[in-house]
Structure formats: C-alpha cells, structure tokens
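As the structure lists them, so they are numbered: ligands from 1, and atoms in each ligand from 1. All values reported here derive from a predicted model rather than from experimental measurement. Computed from heavy atoms alone, side chains included, the values below leave out hydrogens, waters and symmetry copies.
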Amino acid sequence: MKSLVYIDACMRGKESRTRRIAEPIIDKLSERYEIIKYDLNQLPLTIVQEDLIQKRTHGDYDSMSLSWAETIRDADRIVIAAPFWDMSYPAALKNFLELCSIFDVTFKSNDKTCYGNCRAEKLLYITTRGMDIATGDPLEQATPHLKALSWLWGIGPMDVIATQNMDYVSLDEIEEKVQNAIKEGLKLVKEW
Ligand SMILES: Cc1cc2nc3c(=O)[nH]c(=O)nc-3n(C[C@H](O)[C@H](O)[C@H](O)COP(=O)(O)O)c2cc1C
C-alpha cells in the first residue's frame, strides 16, 4: 500500500474547524493509503537554533527529526491541515518543517543549486481563515511558503481546500462552509 503523511497542525483540539474538514478527507484517503500522522500538538518540537545547526553541520542528526524527514521523503502523498494564523500558519508547523528540512534527506544540492529529494507527487493543504481573505491574496502568506518549500523538497503540485470569513458569520454559515469544504475535498481526492 502506498503511504501518506498527514501533518496535523490544528491547535484547538476538538474545536478546530480545519481538523473537522481534514478528518473525513483523511478517512477517505485511508482506503488507498497507509496514513502516517504527525499531530504537532503531541510532538516535542525543539526550535532550530545554534546548537542544533552546529550539530547538523557536523553530521550529528537527532534520530527523531531524521526519521520524520525520511518518512516525508518516502511518502507518496502529503496532507497538511493548519489554520490561518497571523496571516500564515502556526509556528509549530514552520518548526516541524524546519526540523524536517534536512540536506541529503528532503533535499539535495549540486554545485549550482538545491533540488528536491522527496517522492510525493501531490500535496494537499487544508485550511480555514478567520477573515475574508482568499487563497492567493497578497495578505495570505501560507500558500506561497508551502509552495516554495514543496519546490525545495521536490514535491509535486499543491492542492488547496480553504474556507474563509469563518469568524464573521453565523454558526449555520460556518457549518455550511465546513460541509462544502468537506465535499470539495472528497471530490478532489477521488482522483488523488
Ligand atoms: C492565534 C490565532 C491567530 C489567528 N490569526 C489570524 C489571522 O492572521 N488572520 C485571519 O484571518 N484569522 C486569524 N485567526 C482566525 C483563524 O484563522 C480562524 O478562526 C480559523 O478558522 C481557526 O481554525 P481552527 O478552527 O481550525 O482552529 C487566528 C486565530 C488564532 C487562534
């Protein structure tokens, strides 16, 4: 069975609308992929600081982040669920991605530039935004970074399932947006 890495960066437990959208989509995908889930609330994420960079420079990688990076490298698909925070995504996700961005694992380089070393041909990013800000709006700085990083890691095109204006509408409208996003996601992953 092919494998799928699911990075859950939803930080509000059962309250998370982003997670509510992601879960049925992941359930559907579990019919065709072995799901390897990283719940960022549960992982001991150390910040990438001088000490860690020094160690890595001398080839000393901690086994935990190395195994995350290798799992991402070898996955056939990647799904990221993360709410829109501070015009981008939660720092825990950036932290996790930095820990997994390991030379000769998720990317390599030649004498001119870096290039990707991951197998996944597709990445799905699922998000919900409080304000009425659309994917691709200059104020929306999550997708540009995730697209750039997936280029660095050699991961194929990124699909986005997003809802917006979640914090300024009625509960019924929120529910409608969640259900529509689930429908859109389930339709997308039929061929994914
Ligand atoms: C810490 C924090 C930062 C947020 N920053 C933004 C923001 O910059 N722009 C925005 O539109 N919404 C922002 N929001 C609102 C969330 O994007 C919105 O409520 C979203 O639906 C939350 O997703 P969740 O239900 O999965 O946690 C923020 C919410 C939190 C808790």
Using ring pair (Phe, Tyr, Trp, His ring centres under 6.0 Å) as the criterion, list what pairs up with Tyr6, not counting sequence neighbours.
none
Starting from the N and O atoms of ligand 1, find every protein N or O within less than 3.5 Å and list the pair with its distance.
unit_1: ligand 1; atom_1: 5 (N); unit_2: Asp86; atom_2: N; d: 2.9
unit_1: ligand 1; atom_1: 8 (O); unit_2: Asp86; atom_2: N; d: 3.0
unit_1: ligand 1; atom_1: 8 (O); unit_2: Met87; atom_2: N; d: 2.9
unit_1: ligand 1; atom_1: 11 (O); unit_2: Gly130; atom_2: N; d: 3.4
unit_1: ligand 1; atom_1: 11 (O); unit_2: Met131; atom_2: N; d: 2.7
unit_1: ligand 1; atom_1: 12 (N); unit_2: Gly130; atom_2: N; d: 3.3
unit_1: ligand 1; atom_1: 14 (N); unit_2: Phe84; atom_2: O; d: 3.4
unit_1: ligand 1; atom_1: 17 (O); unit_2: Phe84; atom_2: O; d: 2.6
unit_1: ligand 1; atom_1: 17 (O); unit_2: Gly130; atom_2: N; d: 3.1
unit_1: ligand 1; atom_1: 19 (O); unit_2: Arg17; atom_2: NH2; d: 3.0
unit_1: ligand 1; atom_1: 19 (O); unit_2: Asp167; atom_2: OD1; d: 2.9
unit_1: ligand 1; atom_1: 19 (O); unit_2: Asp167; atom_2: OD2; d: 3.0
unit_1: ligand 1; atom_1: 21 (O); unit_2: Arg17; atom_2: NE; d: 3.4
unit_1: ligand 1; atom_1: 21 (O); unit_2: Arg17; atom_2: NH2; d: 3.0
unit_1: ligand 1; atom_1: 21 (O); unit_2: Thr128; atom_2: OG1; d: 2.7
unit_1: ligand 1; atom_1: 23 (O); unit_2: Thr18; atom_2: OG1; d: 3.4
unit_1: ligand 1; atom_1: 23 (O); unit_2: Thr128; atom_2: OG1; d: 3.1
unit_1: ligand 1; atom_1: 25 (O); unit_2: Arg12; atom_2: NH2; d: 2.7
unit_1: ligand 1; atom_1: 25 (O); unit_2: Arg17; atom_2: N; d: 2.8
unit_1: ligand 1; atom_1: 25 (O); unit_2: Arg17; atom_2: NE; d: 3.0
unit_1: ligand 1; atom_1: 26 (O); unit_2: Ser16; atom_2: OG; d: 2.6
unit_1: ligand 1; atom_1: 26 (O); unit_2: Arg17; atom_2: N; d: 3.3
unit_1: ligand 1; atom_1: 26 (O); unit_2: Thr18; atom_2: N; d: 3.0
unit_1: ligand 1; atom_1: 26 (O); unit_2: Thr18; atom_2: OG1; d: 2.6
unit_1: ligand 1; atom_1: 27 (O); unit_2: Arg12; atom_2: NE; d: 2.7

Using the rule that Ile, Leu, Val, Met, Phe, Trp and Tyr join whenever any side-chain heavy atoms are under 4.5 Å apart, tell me whether Tyr33 and Ile80 fall into a single cluster.
no
So, are Glu31 and Lys28 salt-bridged, with charged N and O less than 4.0 Å apart?
yes
Which residues pass the side-chain hydrogen bond (donor to acceptor under 3.5 Å, both in side chains) test with Asp159, sequence neighbours left out?
Trp192
Going by chain and number, the hydrophobic cluster around Ile102 (ILVMFWY, side chain to side chain under 4.5 Å) further includes Tyr61, Leu66, Val105
Answer yes when Glu184 and Lys177 have at least one side-chain N-carboxylate O distance shorter than 4.0 Å, and no when they do not.
no
